[in-house]
Amino acid sequence: MSHTTVDSPVGQLTLVAHDGVLSGLYMTGQRYRPADDAFGPEDPSFFGDVITQVAEYFDGTRTSFDLPLDLIGTPFQRTVWEALLEIPYGETVSYGELAQRLGRPSAARAVGLANGRNPIGIIVPCHRVVGSSGDLTGYGGGLERKRHLLDFEQGSHADRLPLG
């Protein structure tokens with residue numbers, strides 16, 4: 001394990017690699033964020049492509065990521081996180097709709113719990129999942145950051161100030 005930190009419009013991000021592959025992208029104060037000592041030593045050498053692609057995302061020139069990911073979790077969590085990768089940039093789905101897509105229509109709550117444990121925020125876009133009425137519900141990085149990311153992706157970011 002190794003890590004580095006980068007600044008972003010939603011605050012400082014901690015990038016974590018396991019065997020040289022991205023396994024974490026955590027925001028400051030994020031719910032379920034591991035303790036800093038679990039991230040290993042600081043070593044930015046593994047993160048060049050990640051840093052570049054995250055910067056391009058926030059510059060508005062990248063709408064999808066092309067990075068190897070090490071999604072560490074239960075089989076169900078990994079299934080949910082893989083499904084998150086299929087949600088297009090600028091779009092949202094409900095927890096119930098995501099559960100339906102997974103063939104588990106009664107598992108909206110379990111999908112929500114797995115979504116909340118997503119270890120690679122922004123890149124694995126858990127912020128694109130909303131309540132059944134379209135309302136913002138739960139986000140490990142905080143609802144203000146979720147709103148910021150959704151507004152940014154939906155093109156209404158011109159008047160938004162960085163949260164960092």
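Hydrogens, waters and symmetry mates play no part in the numbers below; they use all other heavy atoms, side chains included. These numbers were taken from a predicted model, which means no experiment stands behind them.
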Any side-chain heavy-atom pair of [X] and [Y] under 4.5 Å:
X	Y	result
Ile72	Gln77	no
Val130	Val93	no
Ser2	Phe47	yes
Glu82	Leu85	yes
Val111	Phe76	yes

Test side-chain contact (heavy atoms from CB on, under 4.5 Å) on Ile87 and Leu84; report intermediate values, then the result. CA-CA 6 Å; Ile87 304 170; Leu84 295 174; 3.9 Å; yes
Nearest heavy atoms of [X] and [Y], plus distance in Å:
X	Y	result
Thr5	Glu42	N-OE2, 4.1 Å
Phe46	Ala17	CB-CB, 4.3 Å
Val10	Arg145	O-NE, 2.9 Å
Lys146	Val129	NZ-O, 2.5 Å
Asp70	His18	OD2-ND1, 2.8 Å
Gly131	Ser94	O-CB, 3.9 Å

When you look at Glu153 and Arg128, which way does the salt bridge (Lys or Arg N to Asp or Glu O under 4.0 Å) test go after all the steps? CA-CA 10 Å; Glu153 289 187 8; Arg128 296 181 189 154; 2.8 Å; yes
Distance-only check: which donor-acceptor pairs under 3.5 Å involve side-chain atoms of residues 115-123, not counting sequence neighbours?
| from | atom 1 | to | atom 2 | distance (Å) |
| --- | --- | --- | --- | --- |
| Asn115 | ND2 | Cys126 | O | 3.4 |
| Asn118 | OD1 | Ile120 | N | 3.0 |
| Asn118 | ND2 | Val124 | O | 2.7 |

Classify the side-chain pair Gln154/Tyr89 by whether it contains a donor and acceptor separated by less than 3.5 Å.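 Result is no, nothing qualifies.
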For the residue pair Asp59 and Thr61, confirm or rule out a side-chain donor-acceptor distance under 3.5 Å.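 Per modelled atom types, Asp59 and Thr61 side chains form no pair under 3.5 Å.
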Neighbour count above 12 (heavy atom, 6.0 Å) for [X] [atom1]:
X	atom1	value
Asp49	CG	no
Arg109	CZ	no
Arg104	CZ	no

Would you compute the distance between atom [atom1] of [X] and atom [atom2] of [Y] and round it to the nearest 0.5 angstrom?
X	Y	atom1	atom2	answer
Glu97	Ser132	CD	OG	11.0 Å
Phe39	Thr14	CZ	OG1	5.5 Å
Leu143	His127	CG	NE2	13.5 Å
Leu13	His3	CG	NE2	12.5 Å
Glu144	Arg147	CD	CZ	11.5 Å
Met27	Gln12	CE	CD	12.5 Å

Under a single-linkage definition using a 4.5 Å side-chain heavy-atom cutoff for Ile, Leu, Val, Met, Phe, Trp and Tyr, are [X] and [Y] assigned to the same hydrophobic cluster?
X	Y	value
Val80	Leu113	no
Leu71	Val50	yes
Ile51	Leu149	yes
Tyr26	Val6	no

Under the criterion side-chain contact (heavy atoms from CB on, under 4.5 Å), I'd like the reasoning laid out for Thr79 against Thr74: C-alpha separation, chi angles, the key distance, then a yes or no. CA-CA 9 Å; Thr79 298; Thr74 68; over 6 Å; no
For Arg62, does its backbone N or O pair with a side-chain atom of Gln53 as donor and acceptor, under 3.5 Å?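 Not at all, since once roles are kept as given, no pair shorter than 3.5 Å links the two residues.
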Residues two or more places apart in sequence or in another chain: which of them pass salt bridge (Lys or Arg N to Asp or Glu O under 4.0 Å) with Asp19?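 In terms of salt bridge (Lys or Arg N to Asp or Glu O under 4.0 Å), with neighbours along the sequence ignored, Asp19 is linked to no residue.
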Mutual orientation of the aromatic rings belonging to Phe65 and Tyr57 [parallel < 30°, tilted 30-60°, perpendicular > 60°]: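 The rings of Phe65 and Tyr57 sit tilted, inter-plane angle from 30° to 60°.
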